[in-house]
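Below is one structure, written out as structure tokens, with a few remarks after it.
Every number for a ligand or one of its atoms is a count from 1 in the order of the listing. Quick caveat: nothing in here was measured; it's all calculated off a predicted structure.
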Amino acid sequence: MFRLISVIGARPQFIKAAALSRAIRNRYSDKIEDIIVHTGQHYDPGMSDVFFNEMEISKPRFSLEIGPGKHGEQTGRMLLKIEEVLMKEKPDAVLVYGDTNSTLAASLAASKIHIPVIHVEAGLRSFNKSMPEELNRILSDHVSTLLFAPTQTAVDNLKAEGITSTGDSRKAGKDSPLVFHCGDVMYDNHVYYSAISSDKTDIIKRYDLTAGGFHLLTVHRDTNTDDPVRLKSILSAILQLADSGEKFVFPVHPRTLKMLESSHNDELNSKVRGHKNIILIPPASFFEILELEKNCKMIFTDSGGVQKEAFFNKKPCIVLRAETEWKELVETGNVTLTDADSVRILDSFQEFSNRKDFSFPPLYGDGHAAEFICEKILSTL
Ligand code: UD1
């Protein structure tokens, strides 16, 4: 039995882990032991438990309860506790997802004690090193033994940094990593859950929404939430659109809630909350967000995951950032980068509203990335 520890801690990782847990449960339960370590980076029930319950992710065997903190502090506390678990459990490999502080802490802890690191969603780059996520993903990639890149762009990014498959392509080692272009586990989830989500949640009815009658808004990046000028610029564009009759559903991330409620945002907060066309709701579950994505007209977001889900659900998407790690989305013309610039947000909204010719080519695999990952883990480690 291959003993695989997956370290997860933040909302997008729970969602990605669902795809792997499902593949292991259905096809590899006699070959791979799925051991989950939850760092506790996200801890509110709506940011964590709900995903374990509705997505049937293996229950965490270890909950480290790290909670919030400054970047160094949070990552450092995780590093300490993850190392303890790894020394005790002695897994065959440690699997990490994406780019959060939980990813970096687990990659470092494992690689330092010579446990192979498997990075799922390797090779993504925003080329903006002031983002904590960019540092986390670069550093994790460089200590990984198996790198699963969701797109060709990601494979090329790794190559540009000198990370390519070296040596025997059937055996991975610390100094001979293997890179695989495998598709996106988020697309696996989309295929699997979109067939059932409408039976699992009544969110559309609950908020009296109609298909095509609203837009979805999410904002959570610290660069947008913690800078009052940027937050105001984004939300004033939304307020302007809401004034002209456009309706928005806005699931509010805890970070965004904290910032909206802080005194320097008093005026903005009351305008947004008081607007009849802006519906603020608590963080959405996976089924809820999927139903909102399926039924909305357009998506406004600064999330890496949501911009891709917009594409999976064939919706145009305005990305409230200056750059993206998913540049092939922008090349399709369905996703546009507006940064936090209200004029660009409004212009892009008009452009998308007037356009009819959207096309959504298959970019993210065949919906079986998780099985591919399991196969390669078993054959190369
Ligand atoms: C983290 C990731 C980001 C990912 C995002 C998804 C890093 C550096 N950032 O950002 O890449 O896109 O998760 O959500 O790892 N909080 C709560 N309850 C919770 C979780 C967080 O109140 O359940 C609060 C924290 O106390 C903190 C703030 O929200 O004040 C931010 O949480 P944190 O985990 O530091 O970063 P995110 O903004 O969620």
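- Checking only distances, Asn101 does come within under 3.5 Å of ligand 1, N or O to N or O.
- Those atoms of ligand 1 with a heavy atom of Pro68 less than 4.0 angstrom away are 25 (C), 26 (O).
- Distances from ligand 1 to the non-hydrogen atoms of Asp99 include at least one value under 4.0 Å.
- At the shortest separation from atom 28 (C) of ligand 1 among protein heavy atoms lies Arg255 CB, 3.9 Å.
- The protein atom (non-hydrogen) at minimum distance from atom 18 (N) of ligand 1 is Asp44 OD2, 2.9 Å.
- Nearest-residue assignment for atom 13 (O) of ligand 1 (options His42, Lys258, Arg11; heavy-atom criterion): His42.
- When only modelled atom types and interatomic distance are considered, Asn157 and Glu161 share no side-chain donor-acceptor pair under 3.5 Å.
- Between Arg321 and Arg221, some side-chain heavy-atom pair lies under the 4.5 Å cut-off.
- For Asp34 and Ser21, the side-chain atoms include at least one donor-acceptor pair closer than 3.5 Å.
- Cluster annotation: Ile8 is not connected to Leu80 through the hydrophobic network of ILVMFWY side chains, with a link wherever side-chain heavy atoms come within less than 4.5 Å.
- Less than 4.0 angstrom separates some heavy atom of Pro12 from each of these atoms of ligand 1: 6 (C).
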Residues Glu309, Tyr187; criterion side chain to side chain donor-acceptor pair (under 3.5 Å); working and verdict
CA-CA 8 Å; Glu309 289 165 357; Tyr187 185 60; over 6 Å; no
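- Near Glu133, meaning under 4.0 Å from any of its heavy atoms, are these atoms of ligand 1: 3 (C), 9 (N), 11 (O).
- A donor and an acceptor atom, one from each side chain of Glu33 and Tyr28, are nowhere located under 3.5 Å apart.
- Among protein heavy atoms, atom 2 (C) of ligand 1 sits closest to Thr100 CG2, 3.9 Å.
- Of the protein's non-hydrogen atoms, the one nearest atom 17 (C) of ligand 1 is Tyr43 OH, 3.1 Å.
- Proximity of Met47 to ligand 1, defined as any heavy-atom pair under 4.0 Å, is confined to the side chain (atoms from C-beta onward).
- Checking side-chain atoms of Glu288 against main-chain N and O of Ser285 turns up a donor-acceptor pair under 3.5 Å.
- Neither side chain, Ser303 nor His253, offers a donor N or O lying under 3.5 Å from an acceptor on the other.
- With respect to atom 12 (O) of ligand 1, the closest heavy atom belonging to the protein is His220 NE2, 2.9 Å.
- Below 3.5 Å of separation, one finds no N or O of His71 facing any N or O of ligand 1.
- Between Ser102 and ligand 1, not a single N/O pair is under 3.5 Å apart.
- In terms of protein heavy-atom proximity, atom 33 (P) of ligand 1 is closest to Gln41 NE2, 4.0 Å.
- For Asp92 (side chain) and Arg3 (main-chain N/O), a donor-acceptor pair under 3.5 Å exists by modelled atom type.
- Remark: the Lys294 side chain and the Ser197 side chain contain an N/O donor-acceptor pair separated by less than 3.5 Å.
- Between Asn136 and ligand 1, no pair of N/O atoms sits closer than 3.5 Å.
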